[in-house]
Amino acid sequence: MKETLKPGIKYEHKFVVPTSKTVPSLYPESEEFTAMPEVFATGFLVGFLEWSCIKAINPHLDWPREQTVGTHIDVSHEAATPPGLEVTAAVELMEVDGRKLVFSVEAHDGVDLISKGRHERFVINREKFDAKVREKGMHNE
């Protein structure tokens, strides 16, 4: 982690919602999801907010050796967004507690505020993380 990784880092990220990021596409195996309206899925919204936080802090990490993983998300999904609208995430790093990072997040679709809340990420060493995951996977063999 670089010395520049400090609270106050802000980032804005934009993305045009395609049909592939709507509720029916979230789990195509689920007849319940495929029967639902074609609007930006909450699961994809969460991923978009995570992506925005990653982009905000990667310049302040020893990327790709250091990366971050999401550990907590607490956000609202306040309005439906149809495909074709551009969503904008505004994120701010609020707290650095060792390797734990806490963000304030919100997203807007050009018409409505669609989400707000907080997100936590944890800085990992990719090589060590992969080794632990491999070891965990061996318990399934």
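This is a predicted model, so every value here is computed, not measured.
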Could you give the distance from CZ (F15) to CZ (F44), rounded to the nearest 0.5 Å?
-> 9.0 Å

Locate the shortest heavy-atom distance separating D109 from A80; write the atom from each residue and the value.
-> OD2-O, 3.8 Å

Please answer whether the main-chain N or O of R65 pairs with a side-chain N or O of D62 as donor and acceptor at a distance below 3.5 Å.
-> no

Cluster link I73 to V69, ILVMFWY, side chain under 4.5 Å = no

Does a donor on one side chain and an acceptor on the other come within less than 3.5 Å for T88 and H108?
-> no

Single-linkage hydrophobic cluster I124~W51, side-chain heavy atoms < 4.5 angstrom = no

Tell me whether W63 is reachable from V96 by hopping between hydrophobic residues (I, L, V, M, F, W, Y) whose side-chain heavy atoms are closer than 4.5 Å.
-> no

Can V16 be reached from V39 by stepping across I, L, V, M, F, W or Y side chains whose heavy atoms are under 4.5 Å apart?
-> no

Heavy atoms of S115 and V75 approach each other most closely as OG-CB, 3.7 Å

Quick one: which of E95, E66, E50 gives a salt bridge (Lys or Arg N to Asp or Glu O under 4.0 Å) with R121?
-> E50

Look up atom OG1 in T68 and atom CD1 in I57, then write down how far apart they are to the nearest 0.5 Å.
-> 4.0 Å

Any donor-acceptor N/O pair, S76 side chain to K116 backbone, under 3.5 Å | yes

Nearest heavy-atom neighbours spanning C53 and V105 = SG-CG1, 3.8 Å

Could you tell me which non-hydrogen atom of M94 sits nearest to which non-hydrogen atom of P7, and how far apart they are?
-> O-CB, 3.5 Å

When rounded to the nearest 0.5 Å, the distance separating CG of L101 from NE2 of H60 is 11.0 Å

Is any side-chain heavy atom of L113 less than 4.5 Å from a side-chain heavy atom of E78?
-> yes

Determine yes or no for a side-chain-to-main-chain donor-acceptor pair under 3.5 angstrom, with S52 supplying the side chain and F48 the backbone.
-> yes

Whether Y27 and F33 hold their rings parallel, tilted or perpendicular, with breakpoints at 30° and 60° = parallel

Short N-O contact, K10 and E12, less than 4.0 angstrom | no

Does K55 make a cation-pi contact with Y11 (under 6.0 Å, within 45 degrees of the axis)?
-> no

About how many Å separate OG1 of T81 and NZ of K21, when rounded to the nearest 0.5 Å?
-> 14.5 Å

Determine the minimum heavy-atom distance between L49 and A89, stating which atoms define it.
-> CD2-CB, 4.1 Å

Here the gap from L85 atom CG to I114 atom CD1, rounded to the nearest 0.5 Å, amounts to 9.0 Å

Under 4.5 Å between any side-chain heavy atoms of K14 and V87, yes or no?
-> no

I54 CD1 to F103 CZ distance, which is reported to the nearest 0.5 Å | 9.0 Å

Closest contact, heavy atoms only, R118 versus H72 | NH1-CD2, 3.9 Å

Non-hydrogen side-chain atoms of L5 and L93 separated by less than 4.5 Å | yes

Do M1 and F129 sit in the same hydrophobic cluster, where Ile, Leu, Val, Met, Phe, Trp and Tyr count as joined when their side-chain heavy atoms come under 4.5 Å apart?
-> no

